[in-house]
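Data first, discussion second: the structure below is written as structure tokens.
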Amino acid sequence: MTVHMTEQDIQKIIQSVLQNINAQSAPESTEHVAASNSDHSHQTIQPIQMKMAVHQNQGIASSAMTPSSQNTGLAGVFEKMEDAIEAAYLAQREYLKRFQLKEREQIISAIRATVLEHKEQLAKMVYEETKLGRYEDKVAKHELVASKTPGTEDLTTNAFSGDDGLTIVEQAPFGLIGAVTPVTNPTETIINNSIGILASGNAVVLNVHPSSKHSCAFVVDLLNKAIQQAGGPENLITMVKNPTLDTLNVIIESPKVRLLVGTGGPGLVKTLLKSGKKAIGAGAGNPPVIVDETADLEKAAKSIIEGASFDNNLLCIAEKELFVIDSVADDLIFQMLNHGAYMLDGQQLEQLMSFALEENINQEARGCSLDNKREYHVSKEWVGKDATAFLQKLGIQANGDVKLLICEVDFDHPFVQLEQMMPVFPIVRVKDLEQAIDLAVLAEHGNRHTAIMHSRNVDHLTKFARAIETTIFVKNASSLAGVGFGGEGHTTMTIAGPTGEGITSAKTFTRQRRCVLAEGGFRIIG
Ligand code: NAD
């Protein structure tokens, strides 16, 4: 039977279906659609909200299957990892089906806006929960990830065209991604990873560092609510309320998780790389900085203090040890003292080591290396503490707001060899550039993470960059410039050195797919 319908008939049918749908829908969703339709300031996000209206109602049958995070009271936060995985898996299927690039971008704009609005609250929560770093620097980090993490503009399609037709290579999503986050940038990494992961059409399930789980649950709830308010599906970002190594194993073993991303120390990276799944590993660093005899010493001093003291040296990119050519060492140290650093003498340093370091009695590997033969580890109690807290413990009254303690040491000193993550900064004098480079490469321990150099000699800069082969190499600026803070280029909280993706962004979380229109595209066979 053939039915003839006009455009008008079709419109009538659509209208009556939509009316029926609205009549059946839950009060909140009806209000949401009605409010958004009457609010002309939100006209740009109307299409995405229309999709949600249909989706919410189509979801009535399937909602019984979707795990609910209601028992934790926080959107996207689940009691069981299995439920967090299932919910994010279903969310991604829906996201991919119904949300296109423009709509993803609207969701990302909503994430950026909510982070900027809550940046002080987030910084305070993280500071109070982890007791690490500096509040004002955490505000800056939230601002950085909200404004400089790339969105969908990061995705590109390559095309080949010619007599034989057209071939495109597009960046497609993996699906559900499992991400592990560190205590040093907990919410910042979630925001940064989520923007990239969602921009590329994926969803994410998180195993966060247990010492930051409350702040992480808060930000997951905040981001999910912003996504839903922008018309997106629920549970695009999920986590388990109480993360453990067992809950990480559930992620690793779930066939629904197609890619793993880990930001943390070498133990984490090793675990993920052993999983049998594709893994992006962002591991530890121990960034050396070299100052040579041609450098602008005042600028070098200011930059080193800025980078090494930021968030009390917690960042993996932060300057962790300095190699300075002997002929300019005194002048550089003078400039550092002039710009607020405090020099510890031998006795004070020894006293500081007695509480800020722990002997490695059990021959364990910790920190920036898998080497279990190290003599010392850093004491967790003193990681990320203010320079003034160290001074107070040492009984030293210093003038002004000291942000960085400096000390002159030999190359073998634990503060050179360990990733201290404290505002205690070791300085090693060297006789020439060759020695500086040799020692800096050794101190970096092959992490190939970040290195910094202050020099006006291009040959010197090139020589060091080639020898150290780090993912980030910063010239004549603080390490922060390497992640777009006072430097050009986008930011990341996940610098994947070990697995080679480098400064991760949306495109990192994609699979390449080739789509071919062959035979000239038009040839009719027959
Ligand atoms: P961490 O390695 O102790 O923990 C990171 C995450 O991995 C946490 O969620 C933790 O629960 C988990 N984890 C730890 N050991 C594990 C193991 N053996 N198996 C599985 N999971 C494990 O690191 P942290 O103290 O949270 O963060 C600081 C470290 O992270 C530093 O070494 C720093 O250099 C590094 N880091 C690297 C980057 C980067 O982009 N490359 C960024 C931030 C931090």
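Computed from heavy atoms alone, side chains included, the values below leave out hydrogens, waters and symmetry copies. Note that ligands are numbered from 1 as they come in the structure, with each ligand's atoms numbered from 1 the same way. Nothing fancy with the numbering, it's 1 onward along the sequence. Note that this is a predicted model, so its numbers are computed, not measured.
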Answer yes or no: does an N/O atom from [X] fall short of 3.5 Å to an N/O atom of ligand 1?
{"X": "P210", "answer": "no"}
{"X": "I495", "answer": "yes"}
{"X": "E419", "answer": "yes"}
{"X": "G265", "answer": "yes"}
{"X": "P182", "answer": "no"}

Residue [X] vicinity, atoms of ligand 1 by number, heavy atom under 4.0 Å:
{"X": "M493", "result": "40 (O), 42 (C)"}
{"X": "N185", "result": "43 (C)"}
{"X": "H449", "result": "39 (C), 41 (N)"}
{"X": "V208", "result": "9 (O)"}
{"X": "T184", "result": "27 (O), 28 (C), 44 (C)"}
{"X": "T181", "result": "6 (C), 8 (C), 9 (O)"}
{"X": "L248", "result": "20 (C), 21 (N)"}
{"X": "G285", "result": "34 (O)"}

Hey, is [X] touching ligand 1 through its side chain, its backbone, both or neither, going by heavy atoms under 4.0 Å?
{"X": "L315", "answer": "neither"}
{"X": "L245", "answer": "side chain"}
{"X": "T189", "answer": "neither"}
{"X": "T263", "answer": "both"}
{"X": "T271", "answer": "side chain"}

Is there a donor in the side chain of [X] and an acceptor in the side chain of [Y], or the other way round, less than 3.5 Å apart?
{"X": "T152", "Y": "E105", "answer": "yes"}
{"X": "E501", "Y": "T499", "answer": "yes"}
{"X": "N447", "Y": "N286", "answer": "no"}
{"X": "T492", "Y": "T504", "answer": "yes"}
{"X": "N202", "Y": "S200", "answer": "yes"}

Practice task
Would you mind listing every side chain to side chain donor-acceptor pair (under 3.5 Å) that reaches into residues 176-186, with sequence neighbours excluded?
Solution key: K141-N185

Practice task
Would you check if the side chain of N235 reaches a backbone N or O of A91 as a donor-acceptor pair within less than 3.5 Å?
Solution key: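 Not at all, since once roles are kept as given, no pair shorter than 3.5 Å links the two residues.
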
Practice task
Mind listing the closest non-hydrogen atom pair of E143 and K119 along with its distance?
Solution key: OE2-NZ, 2.6 Å

Practice task
Compare T471, V269, L268, V383 and give the one whose heavy atom is closest to atom 16 (C) of ligand 1.
Solution key: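 Among T471, V269, L268, V383, the closest heavy atom to atom 16 (C) of ligand 1 comes from L268.
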
Exercise for the section: Select the closest option to atom 37 (C) of ligand 1 among A284, G283, G384, judged by heavy-atom distance. Expected result: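 Minimum heavy-atom distance to atom 37 (C) of ligand 1 goes to G283.
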
Handout entry: Passing option when F415 is tested against I427, V424, V409 for side-chain contact (heavy atoms from CB on, under 4.5 Å)
Key = V424

Practice task
Return the set of residues passing ring-ring contact (aromatic ring centres under 6.0 Å, His included) with F509 (not counting sequence neighbours), or none when no residue passes.
Solution key: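 In terms of ring-ring contact (aromatic ring centres under 6.0 Å, His included), with neighbours along the sequence ignored, F509 is linked to no residue.
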
Exercise for the section: Could you tell me whether ligand 1 has any atom less than 4.0 Å away from a heavy atom of K270? Expected result: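 So K270 does not count as touching ligand 1.
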
Problem - Aromatic ring pairing W382/F355, orientation class (parallel under 30°, perpendicular over 60°, tilted between) - result: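 Because their plane-to-plane angle lies in the 30° to 60° range, the rings of W382 and F355 count as tilted.
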
Practice task
Verify the neighbour count for atom NZ of K124: are there more than 12 heavy atoms of other residues, nucleotides or ligands below 6.0 Å?
Solution key: no

Exercise for the section: With D154 as reference, evaluate K507, K148, R104 under the salt bridge (charged side-chain N to carboxylate O under 4.0 Å, His left out) test and give the passing residue. Expected result: K507

